[in-house]
Every structure is written in structure tokens, then in C-alpha cells.
Amino acid sequence: MSQIKQLIRLYQSGSGIKTIARILGMSKNTVRSYLKKMADGGFNTGELLKQEDPLLEKSFHSGNPAYKADKFEYLKSRLDYYEKELKRTGVTKQLLWQEYIESDPTGYSYPQFTYH
């Protein structure tokens with residue numbers, strides 16, 4: 001069971017923020033944050049508890065905005081090319097990153113490039 005479901009159940013049972021935080025091993029501010037998202041989003045706690053864990057998590061975590069950026073889309077469109085090039089002798093990630101930065105000067109730094 002996800003921590004969010006546990007948090008909702010504990011809150012419904014009347015447990016306080018400090019108690020919920022201690023039981024779930026999270027900070028009081030995190031508990032407050034989830035409760036605020038529930039209140040601001042107008043979520044029905046009964047409906048939330050019926051959701052599968054991945055859907056419930058998605059309701060509270062919208063995803064990483066870095067993966068919606070244009071520079072990520074540009075890099076993603078070239079990943080097949082980079083993968084093919086890396087199989088060639090003498091081609092390194094460093095060389096591919098230099099080629100990438102020349103084509104997109106506002107692109108990712110080398111560590112981010114190699115991560116993706």
C-alpha cells in the first residue's frame with residue numbers, strides 16, 4: 001500500500017500530522033503538503049483510496065517538468081543516432097556531446113547528456 005493511502009487512512013481516523021509523520025517516517029511538512037494538495041484539489045478521499053497505487057501517485061505527483069522541455073525532445077529525437085554512433089570504433093560520449101552542443105548550444109551539460 002502506498003504511503004499516500006496510508007496517510008489518507010490515518011488522517012481519516014483522526015490521527016494528527018505529527019503522528020502520521022512519525023508512523024510513515026516522513027516530515028510533518030510532507031504530510032501537510034499532501035493534505036493541502038487533497039484540500040486544494042477537491043479530492044474525494046473515498047475515491048482516492050479506491051485508486052490503484054500508480055494512479056494515486058500520479059494524482060499527487062505531476063511528473064518531472066524537465067522531460068517536457070524542448071531540449072529534451074531534441075535530445076530524444078537524436079538518441080537512436082547516438083546509440084548507433086557509439087558502436088563505432090573511436091566514438092565516445094564526449095565526442096557525441098560536443099557534436100550535440102554545437103547543434104544545440106543551450107542543451108544539456110555533459111553529465112545530463114550521458115544520463116539520458
Side-chain angles (χ1 to χ4, degrees):
M1 178 186 314
S2 77
Q3 280 194 322
I4 297 173
K5 277 188 182 177
Q6 292 175 17
L7 182 145
I8 294 168
R9 287 193 173 140
L10 288 168
Y11 187 70
Q12 280 183 325
S13 71
S15 297
I17 291 172
K18 190 174 182 180
T19 304
I20 295 170
R22 186 175 24 82
I23 290 170
L24 297 179
M26 60 176 63
S27 76
K28 293 180 285 189
N29 288 335
T30 302
V31 173
R32 281 189 197 99
S33 172
Y34 281 124
L35 295 175
K36 182 173 175 13
K37 285 180 183 180
M38 282 175 34
D40 292 349
F43 292 117
N44 177 329
T45 54
E47 291 298 317
L48 288 175
L49 291 172
K50 290 179 186 176
Q51 289 182 0
E52 295 290 326
D53 289 347
L55 291 175
L56 180 63
E57 295 286 334
K58 192 174 181 181
S59 298
F60 285 87
H61 305 290
S62 59
N64 187 343
Y67 293 111
K68 296 176 184 159
D70 291 338
K71 68 181 177 180
F72 179 73
E73 291 301 320
Y74 176 73
L75 177 62
K76 191 168 83 171
S77 72
R78 300 183 50 92
L79 287 178
D80 289 336
Y81 165 75
Y82 296 140
E83 186 177 18
K84 186 176 112 184
E85 288 295 303
L86 277 172
K87 293 177 183 174
R88 294 180 50 207
T89 304
V91 176
T92 64
K93 291 178 185 177
Q94 181 72 36
L95 287 172
L96 291 175
W97 177 74
Q98 288 171 348
E99 181 182 314
Y100 162 72
I101 277 301
E102 286 175 13
S103 65
D104 183 10
T106 62
Y108 289 108
S109 65
Y110 179 72
Q112 283 294 304
F113 175 81
T114 58
Y115 172 80
H116 294 298

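The figures that follow rest on heavy atoms only: side chains count, while hydrogens, waters and symmetry mates do not. For the single chain, residues carry numbers from 1 onward in sequence order.
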With sequence neighbours left out, the residues meeting side-chain contact (heavy atoms from CB on, under 4.5 Å) with Glu83 are Asp80
* So, do Leu7 and Leu24 sit near enough that their side-chain heavy atoms are less than 4.5 Å apart? -> yes
**Asked** Quick one: does Gln12's side chain get under 4.5 Å of Ile8's, heavy atoms only?
**Response** yes
Applied to residues 29-42, the side-chain hydrogen bond (donor to acceptor under 3.5 Å, both in side chains) test, sequence neighbours excluded, yields Ser27-Thr30, Asn29-Arg32, Tyr34-His61, Lys36-Asp40
Note to self: Could you tell me if the side chain of Lys5 sits less than 4.5 Å from the side chain of Asp53, heavy atoms only?
What the structure shows: yes
Residues 88-111 vs salt bridge (charged side-chain N to carboxylate O under 4.0 Å, His left out), sequence neighbours excluded, gives Arg78-Glu99, Glu85-Arg88
Are Val91 and Tyr82 linked, directly or through other ILVMFWY residues, by side chains that come within less than 4.5 angstrom of each other?
-> yes
- Kindly determine whether Leu86 and Leu96 satisfy side-chain contact (heavy atoms from CB on, under 4.5 Å), including the steps that lead there. CA-CA 8 Å; Leu86 277 172; Leu96 291 175; 3.6 Å; yes
**OP:** Would you mind reporting whether Ile17 and Leu35 have side-chain heavy atoms less than 4.5 Å apart?
**Re:** yes
d(Gln94 CD, Phe113 CZ) to nearest 0.5 Å is 9.5 Å
Applied to residues 6-27, the ring pair (Phe, Tyr, Trp, His ring centres under 6.0 Å) test, sequence neighbours excluded, yields none
Q: Group every Ile, Leu, Val, Met, Phe, Trp and Tyr by side-chain heavy-atom contacts under 4.5 Å, then state whether Leu95 and Tyr115 land in the same group.
A: no
Shortest non-hydrogen pair, Phe72 vs Tyr108, comes out as CB-OH, 3.2 Å
Separation between CG (Asp70) and CG (Leu75), nearest 0.5 Å, reads 12.5 Å
Trp97 versus Ile101: any side-chain heavy-atom pair under 4.5 Å? yes
Sequence neighbours excluded, the answer for side-chain contact (heavy atoms from CB on, under 4.5 Å) partners of Ser109 is Pro111, Gln112
Rounding to 0.5 Å, atoms NZ (Lys28) and OG1 (Thr19) come to a distance of 10.5 Å
Looking only at heavy atoms, the pair that brings Ser13 and Leu10 closest together is OG-O, 2.8 Å
Hits for side-chain contact (heavy atoms from CB on, under 4.5 Å) against Gln51, two or more places apart or cross-chain, chain-then-number order -> Leu48, Leu55, Leu56, Ser59
Heavy-atom closest pair (Ser103 atom, Tyr74 atom, distance to 0.1 Å) is OG-OH, 2.8 Å
The reported gap from CD1 in Ile4 to CE in Met38 (rounded to nearest 0.5 angstrom) is 10.0 Å
